[in-house]
Amino acid sequence: MQTLPGFRDFYPADCAARRCVFDTWREVARRYGFVEMDGPTLEPVELYKKKSGGELVGQLFDFVDKGERHVALRPEMTPTLARMVAAKEREFKKPLKWFSIANYFRYEKQQKGRLREFTQLNCDLIGEASPAADAEMIALAIDLMRGFGLGAEDFVVRVNDRNAWMQFLAARNIAAERAPDFLQIIDKLEREEPGVTTKKLADYNLTRVELDDFLARPPAELGGALGPLAADLEARGLREFVEFDPKIVRGLAYYTGVVFEIFDRPRKFRALAGGGRYDNLIATLSDNAVDLPALGFAVGDVVLLELLRALPHTAAKLAAATRAAGSPELYVVIADETFRPQALGLIRALRDAGRRVDFSLTAAKVGKQFQTAETLGATHAVVLGAEWPQVKLKTLATRAEETLSHIELPARLSRSNAAARAT
RNA sequence: GUGGCCGUAGCUCAAUGGUAGAGCUCCAGGUUGUGGUCCUGGCUGUUGCGGGUUCGAGUCCCGUCGGUCACCCCA
């Protein structure tokens, strides 16, 4: 038996790496005053059909349950979030700053950076329309990357405001209804053959030169919220992480303002994160019961881990976290089996004191026990045998050994820990 | 959904159409209570699965499942 296509087993090393990622996400999100939320993994399929653009339904992981309900494994958090906000929004002070770390499912063929089950960090800020909110979210996205030791040489946030294009179209008397199709052209600009693009632009009475001229403008002249946004990020000292790029529009129709994506600098991987402002979505999903401006973004675990494993300095951090997750602090070597009861008592006392302690469950030669301690990555060994109640505490890295009473051991270990922290 | 490449031991890979192997990992030893090296031994296979061609198929052909990469799409 194997895993289903696009699903993963998580062996201890994988879990340790993932834990490292989740811990960083959680810690940085909290720094920004975000609180954690979550919703059900399974939702009625209708929840995902409401949102404009039914083409997404084709990638739903859906089925009929035993109660004849048509259900779907969640492909994203936003509809759930919108429902939760709409149901109880008056109970929360605005703006809401919520994040979640949850698994998602999409029924699509897997390829590099895309699986059928994956985990995302979602951060959403609801109830604040000013560009300051956009800047705060972009700053958070940047710090999430920096939290892993990534720098401006490793990644870049590409930012745009869809309203810049709306103003561009309005100035040329192009109807707002044609905007979605026009934005599709912009979205494909980097992948499409230039000739095809020129031809498509002709339908709007636009030339490639006119487009390129707009693309080359500095952010403040592009329009929308980009001027204030640039100033805000400049004041935060984060300007070097950001590139204003009108070609970023995001594929989905529901984005209404600022949009952004994060890429690795060499562009070897897929987008690491993406998001934007969706001021109308909560009203749409709540049947106009609640109307709140909102913006959010998501970071996936798959591409992020690919990048973290690919860069030497972040790979080293992951490896260290993996080692730390799996190693006991102490390995108790039972040199004389007749003292196993005393050893069990000591082990229990050490564990009660919060130590990570391991030992051999069955009789084994002393050399073998030391080898196991070494392999597991223990920092100290405690040798226990005929000299009980005296025991030996050995620092494995230096091979230094001292003899002391087992009663003194917990206190002795605290001192040794304090010394290690001081250095 | 469409297409390219690939499926041999737990892992990395060998094997001209002619007896399925190596390295690593793992396990056990190397004599009384001290370590990653070293030495010895051991386990692990329906060659993804099912058909076909052949005296004979890991090898050739067809199908299927899985992996991988790209396209489409990307919440």
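Just the heavy atoms: all of them, side chains too, but no hydrogens, waters or symmetry mates, feed the values below. To find a chain, count down the sequence lines: A is the first, B the second, and so on, and within it residues start at 1.
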Would you mind reading off the distance between A/Gln371 atom CD and B/C27 atom P, rounded to a whole angstrom?
->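 Going from A/Gln371 (CD) to B/C27 (P), I get 9 Å.
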Tell me: CG of A/Leu60 to P of B/C73, nearest whole Å?
->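 Whole-Å distance recorded here is 18 Å.
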With a 3.5 angstrom cut-off on both distances, give the Watson-Crick or G-U wobble partner of [N], or none if there isn't one.
N	result
B/G1	B/C71
B/U44	none
B/A20	none
B/U59	none

Are the charged groups of A/Glu329 and A/Arg355 less than 4.0 angstrom apart, N to O?
-> yes
Flag the pair A/Asp14 and A/Arg18 as a salt bridge only when some basic side-chain nitrogen lies within less than 4.0 angstrom of an acidic carboxylate oxygen.
->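 Result for this pair is no, no salt bridge flagged.
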Nearest to the [X] side chain among [options], which nucleotide is it?
X	options	result
A/Arg270	B/C74, B/U34, B/A75	B/C74
A/Ala386	B/G33, B/A75, B/C74	B/G33
A/Lys109	B/G3, B/C71, B/C73	B/G3
A/Gln110	B/U68, B/G29, B/C74	B/U68
A/Val366	B/C72, B/U34, B/A75	B/U34
A/Lys368	B/A28, B/G36, B/A75	B/A28
A/Lys112	B/U34, B/C73, B/A70	B/A70
A/Tyr255	B/G33, B/A75, B/C72	B/A75
A/Gln111	B/A75, B/G33, B/C72	B/C72

Verify the neighbour count for atom CZ of A/Arg348: are there more than 12 heavy atoms of other residues, nucleotides or ligands below 6.0 Å?
-> no
Has A/Phe269 got more than 12 heavy atoms of other residues, nucleotides or ligands less than 6.0 Å from its CZ?
-> yes
P gap between B/U16 and B/C72, integer Å | 41 Å
Please check if the distance between the ring centroids of A/Phe34 and A/Phe99 is under 6.0 Å.
-> no
Answer with base, sugar-phosphate or nothing: what part of the nucleic acid does [X] contact at a heavy-atom distance below 4.0 Å?
X	answer
A/Pro75	base
A/Arg250	sugar-phosphate
A/Gly6	sugar-phosphate
A/Val333	nothing
A/Gln369	nothing
A/Glu387	base
A/Lys394	base

Cation-pi, A/Tyr204 ring and A/Arg178 (6.0 angstrom, 45 degrees) | yes
When you measure from the centre of the six-membered ring of A/Phe105, is the NZ or CZ of A/Arg74 under 6.0 Å away and within 45° of the axis?
->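 Output no; distance or angle outside limits.
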Phosphate OP1/OP2 of B/A75: any A/Gln120 side-chain N/O under 4.0 Å | no
N or O in side chain of A/Lys365 less than 4.0 angstrom from B/U34 OP1/OP2 |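 No.
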Go through the N and O atoms of the side chain of A/Gln59 and the base of B/G1, and report whether any donor-acceptor pair is under 3.5 Å.
-> no
Donor/acceptor link under 3.5 angstrom from A/Arg114 side chain onto base of B/C73 = yes
Closest-nucleotide 5' rank along RNA chain B - winner of A/Ala397 and A/Leu115 | A/Ala397
